[in-house]
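I have placed the structure first, in the form of structure tokens, so that the comments after it can refer back to it.
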Amino acid sequence: MEDMRTARDRPAGLERGSAQEAVRLLMAMGFMEIRADSHLVKRALAAGDTDTALGYLEHMRMIADVCHNLPQDLFPKRRKIRERKAIESLRFHLRELDPDDRAAQWVVRQLEAQGFDYVRVLRDRIKWKHAQ
């Protein structure tokens with residue numbers, strides 16, 4: 001889905017593809033997905049399906065683990081510092097985690113669904129991989 005927001009619609013200081021925008025996206029999608037899953041947990045428990053409820057709870061916990069440090073990336077007053085901190089978080093989630101890890105896959109799905117070009121954040125890794 002293409003981003004239909006104009007520059008005027010974006011929060012101040014965010015360019016298309018900025019790491020700060022990606023962090024905000026991950027937090028927003030995480031909150032919405034946790035909220036939706038909480039209803040599914042309630043429904044599964046009402047039906048007596050504990051295994052399904054536990055699966056949804058584990059998914060919610062994984063999202064919370066991904067997102068719990070992201071808000072602090074947006075605290076610094078200087079835009080450049082916020083962007084650097086957001087880049088560091090994205091690098092952690094996209095590079096430091098095992099690519100087969102569910103959390104890393106969730107991050108990639110969220111960013112790709114919104115058309116965020118996260119590859120530029122990982123350029124140093126890509127250069128390193130090609131050098132091997």
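Atom-to-atom distance recorded for E112:CD and Q105:CD is 11.0 Å, nearest 0.5 angstrom. To the nearest 0.5 Å, atom CZ of residue F116 and atom CG of residue L26 are 8.5 Å apart. The NZ atom of K42 sits 15.5 Å away from atom OH of Y56, with the distance rounded to the nearest 0.5 Å. Remark: D49 CG to L45 CG distance equals 8.5 Å, nearest 0.5 Å.
Pairing each heavy atom of E58 with each of R102, the nearest pair is O-NH2, 3.9 Å. Contact detail for A22 and L90: the closest heavy-atom pair is CB-CD1, 3.8 Å. Counting all heavy atoms, side chain and backbone alike, A103 lies closest to V66 at CB-CG2, 3.6 Å. Across all their heavy atoms, A44 and A53 have their closest contact at CB-N, 3.8 Å.
Side-chain contact between N69 and Q72 is present, with heavy atoms from C-beta onward closer than 4.5 Å. Under the 4.5 Å side-chain criterion, counting only non-hydrogen atoms from C-beta, R82 is not in contact with D73. Side-chain contact between R91 and I87 is present, with heavy atoms from C-beta onward closer than 4.5 Å. Between Q114 and Q110, every side-chain heavy-atom pair lies at or beyond the 4.5 Å cut-off. At least one side-chain heavy atom of C67 sits less than 4.5 Å from a side-chain heavy atom of W106. By the 4.5 Å heavy-atom criterion applied to side chains, R84 and K80 are not counted as neighbours.
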Could you walk me through whether V41 and M60 satisfy the side chain to side chain contact (heavy atoms under 4.5 Å, CB included) test, starting with their C-alpha distance in whole Å, then the side-chain angles of each, then the deciding distance to 0.1 Å, before giving a yes or no? CA-CA 10 Å; V41 168; M60 292 165 59; 4.0 Å; yes
Apply the test side chain to side chain contact (heavy atoms under 4.5 Å, CB included) to residues D37 and L57: give CA-CA distance (whole Å), side-chain angles for both, the deciding distance (0.1 Å), then the verdict. CA-CA 8 Å; D37 282 357; L57 287 171; over 6 Å; no
Checking R43 against H39 for the side chain to side chain contact (heavy atoms under 4.5 Å, CB included) test, could you report, in this order, the C-alpha distance in whole Å, the side-chain angles of both residues, the deciding distance, and whether it holds? CA-CA 6 Å; R43 187 179 303 166; H39 289 287; 5.5 Å; no
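The one candidate from M29, R35, M27 that meets the side-chain contact (heavy atoms from CB on, under 4.5 Å) condition with F31 is M27.
Following chains of ILVMFWY side-chain contacts shorter than 4.5 Å, one can reach M32 starting from I63, so the two form part of one hydrophobic cluster.
A salt bridge does not link E83 with R79: every distance from a Lys NZ or Arg NE/NH1/NH2 to an Asp or Glu carboxylate oxygen is 4.0 Å or more.
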